2 protein chains.
Amino acid sequence: MPETNGLRERKKRDRRRQIEDVAIELFERQGFDATTIEQIAAAADIAPRTFFSYFDTKDDVVLADYADRLGRILHELDQRPTDEPAWSALQASFAAAASDYVAEADRLSRRFAIMAATPSVQARSLQLQAGWEHTLTAHLATRLAATGGDPTPRLLAAAAVAVMRASLQHWLTAPRAVELPTLVHDAFDRLGAGLAPR
Amino acid sequence: MPETNGLRERKKRDRRRQIEDVAIELFERQGFDATTIEQIAAAADIAPRTFFSYFDTKDDVVLADYADRLGRILHELDQRPTDEPAWSALQASFAAAASDYVAEADRLSRRFAIMAATPSVQARSLQLQAGWEHTLTAHLATRLAATGGDPTPRLLAAAAVAVMRASLQHWLTAPRAVELPTLVHDAFDRLGAGLAPR
DNA sequence: TTGCAATTTTGCAGTCATTGCAGTTAGAGT
DNA sequence: ACTCTAACTGCAATGACTGCAAAATTGCAA
């Protein structure tokens, strides 16, 4: 029942992390496509077949902690007072997630580099983000007590995720003069205030 | 040199369409994953190998006209006066594309149904949309004469594509009381006016 | 310590998309 | 009819992913 103990659980988590590390290393050295499951397995001292009990897809190795990321956002969102405007709550939640990104900037940069160079990983990443959007939409529908015919929750969710993605991309691409949380915060402000004027 | 004549061209286009139709039919009858390239080829009277000279991926059959879609948007965008605010220009361009969607609603509904049921197709779709975002970002950077450090073009592009996707999804999901172009137009208005107030 | 039941790991065989290569065919212009 | 080029095809290979059943490992309790 507990969610964080048990020797078995720990071992599994460790092994997962180890496979991840080994794989990323190989991806960087040889390129994602040029690296086979067999090689990863060999380097991690497991049978090729076993790889798939840790990751559904080769792509998923690069995106290992996407799930946690969404968890963090939702957690923050639930924490915000019910009477706070939705957009403001989203802003706070995503900004919190953004600070996580900064904390492990190095770890992430490597993964993003691989993603940028590998279409299939990029696609998978977007797919996971679409999942976020879906979950967020449901959350917001509840929060706003919206009816099925109201496009508001979906619009807000889509906008929020888009802001996050764009900010992250900008942060990784452009000379990062500005820190990510600031970037995210400002972008939320701009959508909050309206894109029309300029 | 000409872009729309030549028997060769025509034949190629026809064949492509034919493969597409046959494939969609099979996908609907048997499911996407359960349909093999071999079956499609057989049904379309071509060699399996030939399939790949018409489509890069099995997924792409479902998304055959995504490229045209982007073309339409960019064309509209180029048509808008340079001094028009970017967001307004985007609104007009995407609304135009939305009316295309309506015109071939049936054709598209079938494809979206397949997409919704098939993760890999969904992923591919998102990937293509990311491509749109990228192209749009470049266009907007030019239009706004933005410097590399300015996140504005990326933000606008991301927001626009997000609006489109969310509207489309809403249109397909919810009881479509409202027409797509209206939905898109309103959503652009809302982002234009600002999401903050409510 | 030992025994057991659950869990994990593994090997094997098979499916299928996708690709490179090389040979063949068919269209278009002369 | 003749040739040049683009399209079509067959073949073989690669590699991700899956189902299955045997084998190994583990946590726990007697």
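Every chain is numbered from 1 and lettered A, B, ... according to where its sequence line falls, protein lines coming before strand lines. Here the structure is a predicted model, which means the values were calculated and not measured.
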Figure out the [atom1]/[atom2] separation between [X] and [N], and round it to whole Å.
| X | N | atom1 | atom2 | answer |
| --- | --- | --- | --- | --- |
| A:Arg10 | C:dT8 | CZ | P | 15 Å |
| A:Asp56 | D:dC17 | CG | P | 9 Å |
| B:Arg49 | C:dT25 | CZ | P | 18 Å |
| B:Asp60 | C:dA17 | CG | C1' | 13 Å |
| B:Asp59 | C:dA17 | CG | P | 11 Å |
| B:Phe55 | C:dT19 | CZ | P | 15 Å |
| B:Arg124 | C:dA17 | CZ | P | 16 Å |
| B:Phe52 | D:dA12 | CZ | C1' | 15 Å |

From the options [options], select the nucleotide whose nearest atom is closest to the side chain of [X].
| X | options | result |
| --- | --- | --- |
| B:Lys12 | D:dC17, D:dC8, C:dT18 | D:dC8 |
| B:Arg15 | D:dC8, D:dC17, C:dC21 | D:dC8 |
| B:Thr57 | D:dC17, C:dT10, C:dT18 | C:dT18 |
| B:Ile46 | C:dT19, C:dT10, D:dT9 | D:dT9 |

N/O (side chain, [X]) to phosphate O (OP1/OP2, [N]) under 4.0 Å:
| X | N | result |
| --- | --- | --- |
| A:Lys11 | D:dT26 | yes |
| A:Ser53 | C:dT9 | yes |
| A:Thr50 | C:dT10 | yes |

- Query: Does any non-hydrogen side-chain atom of B:Leu136 lie less than 4.5 Å from one of B:Leu90?
  - Reply: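 A side-chain contact exists here, since the closest heavy-atom pair is under 4.5 Å.
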- Query: With a 4.5 Å heavy-atom cut-off, do A:Arg124 and A:Val62 have their side chains touching?
  - Reply: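 Answer no - side chains too far apart.
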- Taking all heavy atoms of B:Arg16 and all of B:Ala64, pick out the closest pair and write down the distance.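 Minimum heavy-atom separation between B:Arg16 and B:Ala64: NH2-O, 3.7 Å.
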- Message: Tell me the closest heavy-atom pair linking B:Glu38 and B:Pro48, and the distance in Å.
- Response: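 For B:Glu38 versus B:Pro48, the nearest heavy atoms are CG-CG, 4.4 Å.
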- Query: Strictly by modelled atom types, are A:Ser88 and A:Arg80 linked by a side-chain donor-acceptor pair under 3.5 Å?
  - Reply: no
- Give me the ring orientation class for A:Phe94 and A:Phe188: parallel if the planes are under 30° apart, tilted from 30 to 60°, perpendicular past 60°. tilted
Under 3.5 Å, side-chain donor or acceptor atoms of residues 23-31 of chain A against the rest of the protein: list the pairs with distances, not counting sequence neighbours.
residue : atom : partner  : partner atom : Å
A:Glu28 : OE1  : A:Arg110 : NE           : 3.4
A:Glu28 : OE1  : A:Arg110 : NH2          : 2.8
A:Glu28 : OE2  : A:Arg110 : NE           : 2.8
A:Gln30 : OE1  : A:Thr35  : OG1          : 3.1

- Query: What is the nucleic acid contact for B:Tyr54, judged by heavy atoms within less than 4.0 Å: base, sugar-phosphate only, or nothing?
  - Reply: sugar-phosphate
- Of residues 16-45 of chain B, the positions that come close to DNA chain D - non-hydrogen atoms, cut-off under 4.0 Å: none
